[in-house]
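These numbers come from the heavy atoms of this one structure, side chains and all, not from hydrogens, waters or symmetry mates. The sequence lines fix the lettering, A, B, ..., with proteins before strands; numbering per chain opens at 1.
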2 protein chains.
Amino acid sequence: MPKNRPNLKDGQLLRKGHLYFMPHLSLDCVIFGFHDNQLKVLLLQWKDTLRWSLPGGFIYKDEHIDDAANRILLSRTGLHDIFLRQFHAFGEAGRVEGQHGLKEISTSKKTWLHERFVTIGYWAIVEFHNVMPAPDEFSEQCKWWDIHRIPKLILDHNMILERALASLRRNLNDYPIGKNLLPKTFTMPELQRLYETVLDKKLDRRNFQKKILSLDILQRMKQRKTGVAHKAPFLYKFDEKKYQRALKQGIKFGI
Amino acid sequence: MPKNRPNLKDGQLLRKGHLYFMPHLSLDCVIFGFHDNQLKVLLLQWKDTLRWSLPGGFIYKDEHIDDAANRILLSRTGLHDIFLRQFHAFGEAGRVEGQHGLKEISTSKKTWLHERFVTIGYWAIVEFHNVMPAPDEFSEQCKWWDIHRIPKLILDHNMILERALASLRRNLNDYPIGKNLLPKTFTMPELQRLYETVLDKKLDRRNFQKKILSLDILQRMKQRKTGVAHKAPFLYKFDEKKYQRALKQGIKFGI
DNA sequence: CCAAAAGTGTTGCCTTTACACCCATGT
DNA sequence: ACATGGGTGTAAAGGCAACACTTTTGG
């Protein structure tokens, strides 16, 4: 049960954060979404410096780090129960000596935020349309960026993002994907675009269909997609039970 | 360059550790070795309580976490330049409330070591014969345990070990193994035993040989192994350049 | 000379890959 | 009608698993 978790505003985080959060330890989330046949990442722009970064945060002293990741995800996206995966802890000695996002930090005298930080990286995949990106009191805005057009981020966040993407790609061969990235129902070409986008590679339409269907995690709906040009594609949805089983047991996709 | 790294003895770690180490953050190493056709793990027994644990330690305030892992590995095994892989950070809120290895901790009043700890797990694979297990001033002994006969360990170390083994197995499909687990030269059956032991699964002798050779990372020596019963097997060694390339680029083993 | 272990090759199956044809729809 | 995208099938290739025979050595 959360006990010591006040909502720290403004300068309070700087002055009082060390009372409630674990020092030296932070957490960064790479939140992937899928829209317009493009892989997107949710980024945050800091006030004052207007620099961009991964959404991140700190871990309450009585909080499981996975819960902290979920909390941070919830606060930026409004989403619960997201597929979340820890992929690496980054602990170079000089990590925080780069430039911060907050001007206040750069200019104020030494606080707990000036100390060295080890950060634990998580990635998540979310359904684009369900997300209402939410900046907090420290951030100017929070918005989706195309994976191919990521700006220069603070600290080592560009590298962390790269590592997250690599982890996501490796994950693709062992576990199904799509449940949280696509709408409830979707077409086979849409699912293929998702795979092609994440892998950054063209796939054969027919072989892809065969492979995916052989995983036995999809259900074909009765009606086809309406209001589209050309031949109407079938709609599919994930079979919840089978999808969950595949998530646990793993699959052999081999792409 | 290391600046603030005194060698803390006895009670000093308890009283002064917080001055030099990052608080709340520890590191545990699962050190795998291979001997007698068995996978071994190096474990440490604490003084006083005589309880067993994974070798671990803390991270100096100016130290890269990977360097800390290497330092801990060096201190327990005497080995440099070991293949080391970070596999997970464990951060349940109540991690340290289980029983400690040091009686001194349990009985002394609250110190930095009583606080909650997040621990970062690494695994390493080392050449069994090169290792001289070295206990430190806190430990009664340091010795190899068969993977199938691991005792009850302190805290959540049994779970961490399980996770390390799972990570090692997954790693086997994407990267070569053996360089640090086998002697300089070895026979094909020996290498196969290694794979079988790690995977805990029987493999076909002939198919294994074909697959391994197709990776193009081995060099066959001119002479065969001498002084063995039955037909003398060929000796092999790893082709250093090709092995390193395979480590970087990955392989497709698929077992 | 026999048992046990090691070297080598072959076959068939099954997965993957490449590719062709037909169908539906909006322009 | 036709261009475009979607649904389905098939043949060739390649990888993998199952398996048999020969060679060598110690006892």
| query | Is Q192(B) reaching over with its side chain to a backbone N or O of L203(B), donor-acceptor style, under 3.5 angstrom? | reply |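 Yes, Q192(B) side chain to L203(B) backbone: donor-acceptor pair under 3.5 Å.
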
| Does the D156(A) side chain pair with the main chain of M159(A), one donor and one acceptor, at a distance under 3.5 Å? |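 No, because the side chain of D156(A) does not come within donor-acceptor range (under 3.5 Å) of the backbone of M159(A).
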
Check the distance between [N]'s [atom2] and [X]'s [atom1] and give it to me in whole angstrom.
X: D204(A); N: dC19(C); atom1: CG; atom2: C1'; result: 8 Å
X: R224(A); N: dG26(C); atom1: CZ; atom2: C1'; result: 16 Å
X: I212(B); N: dT8(C); atom1: CD1; atom2: P; result: 15 Å
X: R205(B); N: dA5(C); atom1: CZ; atom2: P; result: 10 Å
X: K252(A); N: dT16(C); atom1: NZ; atom2: C1'; result: 10 Å
X: M188(A); N: dC23(C); atom1: CE; atom2: P; result: 21 Å
X: E190(B); N: dA5(C); atom1: CD; atom2: C1'; result: 13 Å
X: L191(B); N: dA6(C); atom1: CG; atom2: P; result: 13 Å

| Do W145(A) and W52(A) have their ring centres less than 6.0 Å from each other? |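 Yes; W52(A) has its ring centre under 6.0 Å from that of W145(A).
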
Do you know the tightest heavy-atom contact between [X] and [Y]?
X: S26(B); Y: I59(B); answer: O-CD1, 4.4 Å
X: F238(A); Y: K179(A); answer: CE1-N, 3.4 Å
X: Y243(A); Y: G178(A); answer: OH-N, 3.5 Å

| message | Ring of Y175(A), cation from R170(A) - is the NZ or CZ under 6.0 Å from the centre and inside 45° of the axis? | response |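 Verdict for Y175(A): no cation-pi partner in R170(A).
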
| task | Please determine if K225(A) forms a cation-pi arrangement with F234(A), meaning its NZ or CZ atom is less than 6.0 Å from the six-membered ring centre and no more than 45° off the ring axis. | result |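 No cation-pi geometry.
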
| request: Check whether any side-chain nitrogen or oxygen of Q209(B) sits under 4.0 Å from OP1 or OP2 of dT8(C), and answer yes or no. | output: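 It does, given that an N or O in the side chain of Q209(B) lies less than 4.0 Å from OP1 or OP2 of dT8(C).
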
List every contact pair, protein side and nucleotides 10-13 of chain C side both N or O, where the distance is under 3.5 Å.
from	atom 1	to	atom 2	distance (Å)
dT10(C)	O4	K210(B)	NZ	2.9

| query | Between which nucleotides of DNA chain D, 5' to 3', does chain A make heavy-atom contacts below 4.0 Å? | reply |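 Counting from the 5' end, contacts occupy dT4(D) to dT10(D).
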
| field | R206(B)/D204(B) salt bridge by N-O under 4.0 Å criterion | value |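 The answer is yes: the pair qualifies as a salt bridge.
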
| Steps toward ring-ring contact (aromatic ring centres under 6.0 Å, His included) verdict (Y195(A), F208(A)) | CA-CA 9 Å; Y195(A) 270 81; F208(A) 177 80; 5.4 Å; yes

| query | CH2/W123(A) to CZ/F32(A) distance, rounded to the nearest 0.5 angstrom? | reply |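 W123(A) CH2 to F32(A) CZ: 7.5 Å, rounded to 0.5 Å.
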
| Which of residues 226-236 of chain B have a heavy atom under 4.0 Å from DNA chain D? |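 Contacting residues: V228(B), A229(B), H230(B), K231(B).
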
